[in-house]
Protein chains: 2
Amino acid sequence: MELDRVDRKLLNAVQHNNRLTTEELGEIAGLSPTACQRRLKRLRDAGVIEADVAIVSPGAVGRPMLMLASITLERDRADIIDRFKQAVRRTPEIMSAYYVTGESDFLLIISVRDMAEYEAFTRRFFHEHSDVKASKTMVVMDRIKASLALPIEE
Amino acid sequence: MELDRVDRKLLNAVQHNNRLTTEELGEIAGLSPTACQRRLKRLRDAGVIEADVAIVSPGAVGRPMLMLASITLERDRADIIDRFKQAVRRTPEIMSAYYVTGESDFLLIISVRDMAEYEAFTRRFFHEHSDVKASKTMVVMDRIKASLALPIEE
DNA sequence: CTTGAAATTATAATCCT
DNA sequence: AGGATTATAATTTCAAG
């Protein structure tokens with residue numbers, strides 16, 4: 001799908017706040033509210049906007065800690081990797097996960113209540129996945145940035 | 001703020017889709033649309049819901065590549081660390097950034113068009129920050145999960 | 001192919017229980 | 001507290017540039 005300058009303006013706006021009124025969006029884009037709405041609908045239908053979500057405060061729901069875990073599997077075998085990916089998808093504590101090049105194979109971003117819960121998590125998760133050769137945990141001391149907003153040039 | 005079972009149900013719903021109608025939310029929560037609306041407003045005002053955002057497809061806006069960079073600074077000095085954090089916040093290509101314990105000090109998640117852009121980015125960014133002692137790049141081959149949804153037990 | 005106006009539908013505010 | 005009613009705003013539909 002082709003995106004023009006107005007589309008990019010709208011995307012930049014809604015990826016920071018998707019509850020802007022159509023009137024506010026009209027101001028931003030220099031267009032009528034209706035036209036903005038039509039464009040956003042098109043962007044949603046075309047999958048340019050993949051989802052619209054609320055960001056919940058980790059602290060407010062009792063999960064103030066974030067851990068990063070880099071994982072190396074025993075062997076670079078497609079079936080082992082796929083099985084691990086499936087397990088990751090099914091595990092709610094894992095918020096984000098990337099399959100990467102380099103020393104380790106995966107990087108997981110894991111939400112936990114406290115250290116005890118993390119220990120229990122790793123024990124369970126790594127026990128269930130005997131293909132994990134090595135893992136390295138980093139405790140997140142500060143989330144400097146935790147958005148999924150892309151830099152869209154207008 | 002105290003959260004009851006209904007609040008947690010609503011949070012679980014909207015953190016995957018915040019465009020559900022109040023009627024749909026009513027179904028989910030077993031409550032009237034009005035009551036759901038009131039609760040969500042309270043959750044937003046109290047900061048339990050930090051933001052409402054649209055997730056944009058990286059490929060659709062010409063940024064299909066994702067890189068992870070782990071960064072080690074020269075010295076563990078507060079002012080150096082803070083300066084680096086500020087720079088991270090100002091850099092739009094950096095989508096997420098964590099200050100972590102362990103071998104390296106930071107993990108950056110960086111959105112780029114292609115390898116050439118990443119090379120240009122690192123050259124510029126690391127040149128401007130002479131405090132960077134070492135960096136290690138991982139190319140993301142697959143984003144298995146890329147949400148910010150927390151596991152909220154109901 | 002994009003805009004603006006009218007009709008439908010959803011949301012926000014007020015009041016009542 | 002939750003639920004129903006009215007007022008306001010957002011979507012969809014449709015006609016026109």
Side-chain angles (χ1 to χ4, degrees), chain A residues 1-63 147-150 152-154, chain B residues 1-63 147-150 152-154:
Chain A
M1 179 181 171
E2 271 303 306
L3 302 176
D4 66 10
R5 194 158 175 280
V6 174
D7 290 321
R8 289 193 289 270
K9 275 199 173 190
L10 290 173
L11 289 173
N12 263 329
V14 296
Q15 78 173 341
H16 290 107
N17 182 5
N18 74 354
R19 304 188 82 237
L20 293 168
T21 64
T22 51
E23 206 163 336
E24 290 169 318
L25 290 168
E27 287 278 323
I28 291 165
L31 223 64
S32 72
T34 323
C36 291
Q37 213 157 34
R38 262 189 70 94
R39 278 169 181 265
L40 283 174
K41 182 168 167 44
R42 244 179 95 238
L43 292 168
R44 290 196 167 100
D45 291 346
V48 176
I49 293 175
E50 292 181 343
D52 289 89
V53 302
I55 305 300
V56 175
S57 160
V61 294
R63 308 196 138 258
S147 83
L148 298 176
L150 297 163
I152 302 173
E153 288 160 41
E154 290 173 3
Chain B
M1 181 183 170
E2 272 304 307
L3 302 177
D4 66 9
R5 193 157 176 282
V6 174
D7 290 321
R8 290 192 287 271
K9 275 201 173 187
L10 291 173
L11 288 174
N12 263 330
V14 296
Q15 76 173 343
H16 290 108
N17 182 4
N18 76 352
R19 305 188 83 238
L20 294 168
T21 64
T22 50
E23 206 162 337
E24 290 169 317
L25 289 168
E27 288 278 323
I28 292 165
L31 223 64
S32 73
T34 322
C36 291
Q37 212 160 38
R38 240 197 313 259
R39 278 169 180 268
L40 283 174
K41 180 167 167 45
R42 240 178 99 240
L43 292 168
R44 291 197 167 99
D45 291 346
V48 175
I49 294 174
E50 293 181 341
D52 290 88
V53 303
I55 306 300
V56 175
S57 159
V61 294
R63 310 196 136 259
S147 84
L148 298 176
L150 297 163
I152 302 173
E153 287 158 42
E154 291 172 4

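Here is how names work: the chains are called A, B, and so on, in the same order as the sequence lines, proteins then strands, and each is numbered from 1.
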For the residue pair A/Val48 and A/Arg42, establish whether any side-chain heavy-atom pair is separated by less than 4.5 Å.
-> no
Could you tell me the separation between the CG atom of B/Leu25 and the C1' atom of C/dA12, rounded to a whole number of Å?
-> 14 Å
Given atom CG of B/Asp45 and atom P of C/dA12, what is their separation to the nearest angstrom?
-> 11 Å
Please examine the side chains of A/Val53 and B/Ile55, heavy atoms only from C-beta on, and report whether any two atoms are closer than 4.5 Å.
-> yes
With a 4.5 Å limit on heavy-atom distance, are the side chains of A/Asn18 and A/Ile49 in contact?
-> no
Classify every nucleotide of nucleotides 8-17 of chain D by which part a protein heavy atom approaches to under 4.0 Å, writing B for the base, S for the sugar-phosphate alone and - for neither, in 5'-to-3' order.
-> --SBB-----
Distance-only donor-acceptor hits, side chain of residues 5-14 of chain A, under 3.5 Å, sequence neighbours excluded:
| from | atom 1 | to | atom 2 | distance (Å) |
| --- | --- | --- | --- | --- |
| A/Asp7 | OD1 | A/Arg39 | NH1 | 3.0 |
| A/Asp7 | OD2 | A/Asp4 | N | 3.2 |
| A/Arg8 | NE | A/Glu153 | O | 2.9 |
| A/Arg8 | NH1 | A/Leu3 | O | 2.9 |
| A/Asn12 | OD1 | A/Gln15 | NE2 | 3.2 |
| A/Asn12 | ND2 | A/Ile152 | O | 2.7 |
| A/Asn12 | ND2 | A/Glu154 | OE2 | 3.2 |

Starting from C1' on C/dA12, measure out to CZ on B/Arg44 and report it in whole angstrom.
-> 12 Å
Does a side-chain heavy-atom distance below 4.5 Å link A/Cys36 with A/Glu27?
-> no
Partner residues of B/Thr34 under the side-chain hydrogen bond (donor to acceptor under 3.5 Å, both in side chains) criterion, sequence neighbours left out | none
Report the distance from atom CG of A/Leu3 to atom C1' of C/dC1, rounded to the nearest whole Å.
-> 16 Å
Would you kindly give the CG-to-P distance between A/Leu43 and C/dT2, to the nearest whole Å?
-> 11 Å
Separation of C/dT3 atom P from A/Arg42 atom CZ, nearest Å, is 10 Å
